[in-house]
Q: 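The structure under discussion is supplied below as structure tokens; questions concerning it will follow.
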There are 2 protein chains.
Amino acid sequence: MTAPNLEHFRTLLHEHMAKRGLRSTDQRRLIVETFFQSPNHISIEELLAQVRQQDSRVGYATVYRTLKLLTECGVAFERKFGDGLTRYELADEESHHDHLICVECGKIVEFEERQIEALQEKVAERHGFALKSHKLEMYGTCPECQAKATARVAAAKPRN
Amino acid sequence: MTAPNLEHFRTLLHEHMAKRGLRSTDQRRLIVETFFQSPNHISIEELLAQVRQQDSRVGYATVYRTLKLLTECGVAFERKFGDGLTRYELADEESHHDHLICVECGKIVEFEERQIEALQEKVAERHGFALKSHKLEMYGTCPECQAKATARVAAAKPRN
DNA sequence: CTCATTGCAAATAATTTGCATGTAA
DNA sequence: TTACATGCAAATTATTTGCAATGAG
């Protein structure tokens, strides 16, 4: 849960760009820095809205292209949860986390579990896979929504 | 790895349909039975191709609608791996499995790991979640693609 | 100068929906 | 007979791409 090391990611990105002769533009810098300061699991829409608060002329395509760039150089991860849109998060390996998702309200809770990670490595090894990344998502009802459900039942069927 | 209990799923579906006054048509039966006999992780395209071998007049929309029906009544699960399409699998809780996915060739290997499942329950409990389902996907390089990569490197840089 | 980048609009791709017609119950 | 179901084509949604103009190195 420590703050991510943004310098590391900036370096990764710059190296990747240098290697390919890509250029550093106002839009790219703005999108990247906005992404760095956004909450996790941000969508293109949300990110574009943030970006446009600084520069209203940035287009969708540029955000898509920049996020693809970040994904390619290992700075961001793409994630698809149940809703139809792709969300992005910092590829922060150091504090790698998985997700608990509430099927009622859509809330996303992050967690980390070393033992699970260790077991994953064992499984991959057993199948001869060289592991690059993983994704563990657990779907269920969060405490709040469970309470609401209980309240609904109580209201619908009052004791006489 | 035992054969799934199809009768159980047929009952689930019939109950769901009865409850809602839905009807049993030739197309639905054909699509459902084809789905039951298909390999796991089938896409709409693939399923439609199979279905059309029996009845070439079935349309996309009907397959989409039927798979949505199966998903709603808990007979099928929707899954989105990296490629842009939704794949479906039997919601076979008994033999619940997770996935190892090769990032080179797209191969999907299923596995089961009781200890991981147990730890998942513990994590959910810790956060007060009532777990419904989960999804664990591990991405890496399969043994074959690792071998191919090694061969490529050897060819590109021969020892003199 | 040269070539990558941008914004726009048009193109794709996957999925959903409206509607006239067909058909279980 | 009464809705539900179907097939088609059109609509929607998310994402990608072509292209002329712009701008970084």
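All chains are named by letter (A, B, ...) in the order of the sequence lines, taking the proteins before the strands, and each is independently numbered beginning at 1. Because the structure is a prediction, the values reported are computed rather than measured.
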Q: Identify the heavy atoms of Phe129(A) and Cys142(B) that sit nearest to each other, and give their distance.
A: CZ-CB, 3.5 Å
Q: Measure NZ/Lys68(B) against C1'/dA14(C) and give the value in whole Å, please.
A: 13 Å
Q: Specify the separation, in whole Å, of atom CD of Glu78(B) and atom C1' of dT16(C).
A: 13 Å
Q: How do Tyr64(B) and Asp26(B) order along DNA chain C: which one's closest nucleotide is nearer the 5' end?
A: Tyr64(B)
Q: Nearest-Å distance, CZ (Arg57(A)) to C1' (dG23(D))?
A: 13 Å
Q: With 3.5 Å as the limit, what N/O pairs link the protein to nucleotides 2-5 of chain D?
A:
| from | atom 1 | to | atom 2 | distance (Å) |
| --- | --- | --- | --- | --- |
| dA3(D) | N3 | Arg23(B) | NH1 | 2.9 |
| dC4(D) | O2 | Arg23(B) | NH1 | 3.4 |
| dA5(D) | OP1 | Arg23(B) | N | 3.2 |
| dA5(D) | OP1 | Arg28(B) | NH1 | 2.5 |
| dA5(D) | OP1 | Arg28(B) | NH2 | 3.0 |

Q: Using 4.0 Å as the upper bound for N to carboxylate O, is an ion pair formed by Glu7(B) and Arg10(B)?
A: yes
Q: Rounded to the nearest angstrom, tell me the gap between atom NZ in Lys80(B) and atom P in dT13(D).
A: 15 Å
Q: Going by atom types only, do Asp98(B) and His134(B) share a side-chain donor-acceptor pair under 3.5 Å?
A: yes
Q: Strictly distance-based, threshold 3.5 Å: is any side-chain N or O of Gln27(B) a donor or acceptor partner for the main-chain N or O of Val63(B)?
A: no
Q: Within this structure, what is the NE2-to-P distance between His14(B) and dA24(C), rounded to whole angstrom?
A: 15 Å
Q: To the nearest angstrom, how far is Tyr60(B) atom OH from dA10(D) atom P?
A: 16 Å
Q: Grab the CG-P distance between Leu85(B) and dT12(C) for me, whole Å please.
A: 19 Å
Q: Tell me, which of residues 43-54 of chain B have any heavy atom that sits under 4.0 Å from an atom in DNA chain C?
A: none
Q: So does Lys107(A) pair up with Glu144(A), basic N to acidic O under 4.0 Å?
A: yes
Q: Measure CG/Leu30(A) against P/dG7(C) and give the value in whole Å, please.
A: 10 Å
Q: Base, sugar-phosphate alone, or nothing: which one does Arg65(B) contact when heavy atoms must sit under 4.0 Å apart?
A: base
Q: With a 4.0 Å cut-off on N to O distance, would you call Glu78(B) and Arg87(B) a salt bridge?
A: no
Q: Indicate yes or no for a side-chain donor-acceptor contact from Arg52(A) to the backbone of Arg57(A) under 3.5 Å, with no hydrogens or angles considered.
A: no
Q: Starting from the C-alpha separation in whole Å, work towards a yes-or-no answer on side chain to side chain contact (heavy atoms under 4.5 Å, CB included) for Leu6(A) and Leu90(A).
A: CA-CA 9 Å; Leu6(A) 293 180; Leu90(A) 253 192; 4.0 Å; yes
Q: Is it true that a side-chain atom of Arg28(A) and a backbone atom of Arg23(A) form a donor plus acceptor pair closer than 3.5 Å?
A: yes
